[in-house]
Amino acid sequence: MPGSSRMPISLRGSLDSVKKRKPKMSSLSLGMINLDLIRNIVFFFFVLRWTRRTWWKLKGRGIIGALLELYHDIRRIAYGYFLRAPGVRSQVQKQVRESLSKVADKLITTDMTRHLVLPKEGMAEEAVRAELKQLADMDHTRWEDGFVSGAVYHGEEKLMQLQTEAFGKFTVANPIHPDVFPGVRKMEAEIVSMVLNLFNAPPGAAGVSTAGGSESILMACLSARQRGYVERGITEPEMILPETGHTAFRKAGQYFGIKIHLVACPAPSYQVDVRAVSRLINSNTIMLVGSAPNFPHGIIDGIAALSKLALRKKLCLHVDCCLGSFLVPFLDKAGFETQLFDFRLKGVTSISCDTHKYGFAPKGNSTVLYRTSELRKYQYFVSPDWSGGVYASPGIAGSRPGALIAGCWASLMSVGESGYVDACVKIVGTTKKITDSIRETPILGGELEIIGKPLVSVVAFTAKNLDIYDIADGMSGKGWHLNALQNPPAIHVAVTLPIAKVWERLVSDLESVVETEREKERVRIVEGKGAKGKAVGDSAALYGVAGSLPNKSVVVDLANGFLDLLYKV
C-alpha cells in the first residue's frame, strides 16, 4: 500500500537467512583468531626465551667468548662424527681394547682362587682369615711407606686399632633406627656439632653426616636446587663453578638437572675469576661455588669476594672444604698464613668437610653443613603416604653403617684439637718444604714451576721444557703414586702424615727423574730428533692424548671400560 513501511516478503526472507548464517561465520572467524592468537603467544615466548638466553650468553661470556664457545662446540661435535666414521671407529675401538687389555693385566690377578658363586658349605673361619690376609698382602703401592699422594691420611697403627674396636661394638648398628641404636644417633649428632663449631657456624646452623665428599656436595647442590624452586620458582636451575672445582659438582649437575657454567681460574693466582662469575649470574642461578682449597692445585679461591657477590645477588654460596677438612680451620693456630673461608663470611650458606681425610676418620665419613636448619630441610626426603608407613631420611641413603659413624666419633675424640693442630704443623710444614725445594733446588727450580700459591697440603707443579707426564711416569717407576693433572698438564702431591716422614726421598727421586728426562732430551737433540720426544707411558698416554682431543669420547670409552674392569672377576 502507498506510504506503507512494510518490506516485501522476499526481501525479509533474504535478510532472515543472512542473519541465520552470520553467527556461523562469526564462530569460524573467532576460532581462527583464537588459533592465531595462541600461535603468536607461543612464538612470542619462544623468541623471548631464546633472546633471554642469548643475552645471558653474551653478558656472561662476551661476544668473542660466546663465538669461541660456539666454535669449540662445533669442533667437538664435528670431531665426534669423525670418530664415528666406519674406518676410524674400528681403529679407535681396537686401540681402546688394547689399552684396556693392558690395564686388565695390571688389575686382575690370575694366580689366586676365584669365587664366582656362593660356596656350597660355609668356609671355616681360619680359611676365611687366611684368604683375607692373602688379599691384604697383594702387591700394591706402598702407602704404608708414604709413597702415595693422598688416599691414606693418617695410617698410624694405634688409631686404626681404636677404629677397629669401635667397628666391632657397632657392627650391626644402623642410624635409620635411632630407637634401636641410640648410641649411634648420639655420636652422629655430636660429630656434626663438632664440625659446625670448627667452621664457626652461627646459632641455628645445622648439618648431616654423609658417606663421603661427593655425597656432601651432591646434597648441598640438591638443597640449593630445591630452595630455588620453592622460594623463587626456578625450574631450569644453573650453577656457577670454578674449572678447578671438584668434579662432584658436575655429577650433581648431571644427576639433578642443573646446568653448569665453568669459570676460568687464570694464572698467576689460579683462583676463580670472580668478575667472570658475576657476569654469568642470571635469574636461573641457584648457587655459586668456591674451594678451600681445590683438589688439582691446592689453591683457596677468593671466598670473601664470592661471599660479597652471593649476598648482593641473594644466592647460595657453597664452600668445598672436603680436602682442607681439619687442616684449613687450624692454619692460624699452627702458625701458617690463612684467609677467611667459613661461616664468618655472611654469604657462605653451606660447607662440605671430609672427616675421613685430615680428620683421620675411617673412609666413608664426611659432613655437609648449612647456615640454617631451613636449608638443611631442602635435602630431606619424606614420604608420608607410603604403604610401609611414614618414611623419612636426611639424605640419599636409607640404611647407613653405624660402625663408620662410631669409627669417626672415636677418631675425633681421640685426636682432639691439640692433635689436629700438631698434624697441621707437620703436614702443611712438609708441603712448604717440598714447595721451597722445588723452587730453590737448581735442578728442580730450573725445570719445574709451582702452580699458584698453595697454603694447605697440596703442591702442584708443571714443567717448563720437559713433558710433565714423562716425569709422572718416571716417579711411578720409582714406586711413587702421584696425581697427574690436565688443563694445564701438571702433577700434584697431596701431603699426608705418611708422606711427611719421607718427603726428602720424594724430592731426591724427583731430582733424579728430572735429570734423567733432561738427559733423554739431550740425546734426542744429538740424534737430530728434536728437543722434545713423543709422550709415552701410562700417564702420558691418557692425559697427553686427552688434552689434545677436541672430543673426549675416546677418553670416556676408556674410563667406562676401566669401570667395567673393576667388577671383572
Side-chain angles (χ1 to χ4, degrees), residues 37-61 66 204-208 215-242 245 248-263 274 276-290 306-320 343 345-352 368-385 391-396:
L37 180 62
I38 292 170
R39 194 179 295 117
N40 289 336
I41 290 173
V42 170
F43 179 72
F44 170 78
F45 280 106
F46 174 81
V47 172
L48 178 65
R49 174 187 174 87
W50 286 102
T51 300
R52 187 172 65 167
R53 286 181 173 274
T54 301
W55 163 244
W56 287 346
K57 174 74 74 173
L58 293 174
K59 171 178 169 286
R61 302 295 186 187
V208 300
E215 186 183 344
S216 293
I217 289 171
L218 286 170
M219 290 296 91
C221 293
L222 177 63
S223 172
R225 190 196 74 169
Q226 296 304 96
R227 181 200 184 202
Y229 176 73
V230 172
E231 298 183 13
R232 296 166 54 198
I234 296 174
T235 57
E236 296 180 331
E238 300 182 8
M239 174 169 51
I240 303 175
L241 174 68
F249 291 101
R250 306 186 193 204
K251 182 185 287 188
Q254 180 175 318
Y255 282 3
F256 301 144
I258 304 172
K259 183 177 180 179
I260 304 292
H261 292 286
L262 295 177
V263 178
V274 179
V277 172
S278 179
R279 290 194 298 270
L280 284 166
I281 293 173
N282 59 54
S283 59
N284 281 338
T285 304
I286 59 167
M287 186 164 77
L288 310 181
V289 175
L306 288 171
S307 172
K308 292 178 181 177
L309 181 60
L311 275 176
R312 191 168 74 247
K313 299 292 186 177
K314 298 180 180 179
L315 297 172
C316 290
L317 169 60
H318 182 82
V319 179
D320 176 23
F343 286 119
L345 295 170
K346 302 300 183 183
V348 175
T349 55
S350 58
I351 296 174
S352 49
V368 57
L369 317 172
Y370 296 101
R371 178 170 288 277
T372 67
S373 59
E374 287 75 18
L375 285 170
R376 179 176 63 179
K377 283 191 179 74
Y378 284 122
Q379 76 159 62
Y380 286 174
F381 174 80
V382 179
S383 179
D385 53 1
Y391 178 92
S393 68
I396 289 177

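Numbers here simply count residues along the sequence, with the first being 1. These values consider heavy atoms only, across backbone and side chains, with no hydrogens, waters or symmetry-generated copies.
S307 contributes a side-chain N or O that, together with a main-chain N or O of G347, makes up a donor-acceptor pair within less than 3.5 Å. Using modelled atom types, no side-chain atom of S352 and backbone atom of V368 make a donor-acceptor pair closer than 3.5 Å. With hydrogens and angles ignored, the 3.5 Å screen pairs no side-chain donor or acceptor of R376 with any backbone N or O of A206. Checked by atom type and distance alone, the side chain of R371 pairs as donor or acceptor with a backbone atom of V348 at under 3.5 Å. A donor-acceptor pair under 3.5 Å is formed between the side chain of Q379 and the backbone N or O of P394. Although no hydrogens or angles enter the test, the distance criterion places a donor-acceptor pair under 3.5 Å between the side chain of R232 and the main chain of S283. Without hydrogens or angle criteria, S223 side chain to M219 main chain gives no donor-acceptor distance under 3.5 Å.
Annotation: salt bridge (Lys or Arg N to Asp or Glu O under 4.0 Å) contacts of E231 (sequence neighbours excluded): R227.
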*Should L375 and T372 be marked as a side-chain contact (heavy atoms from CB on, under 4.5 Å) after you check the CA-CA gap, both sets of side-chain angles, and the distance that decides it?*
CA-CA 6 Å; L375 285 170; T372 67; 3.4 Å; yes

*Does the pair E238 and H261 meet the rule for a side-chain contact (heavy atoms from CB on, under 4.5 Å), with working shown?*
CA-CA 7 Å; E238 300 182 8; H261 292 286; 2.7 Å; yes

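Contact record, V382 with A392: CG2-CB, 4.1 Å, taken as the closest heavy-atom pair. When all heavy atoms of F249 and V289 are compared, the closest pair comes out as CZ-CG1, 3.5 Å. When all heavy atoms are compared, the tightest approach of T285 to I240 is CG2-CD1, 4.1 Å. Across every non-hydrogen atom of L218 and F256, the tightest pair is O-CE1, 3.2 Å. Considering every non-hydrogen atom in both C221 and I258, the closest pair reads O-CD1, 4.0 Å.
Atom OH of Y229 has 12 or fewer neighbouring heavy atoms from other residues, nucleotides or ligands inside a 6.0 Å radius.
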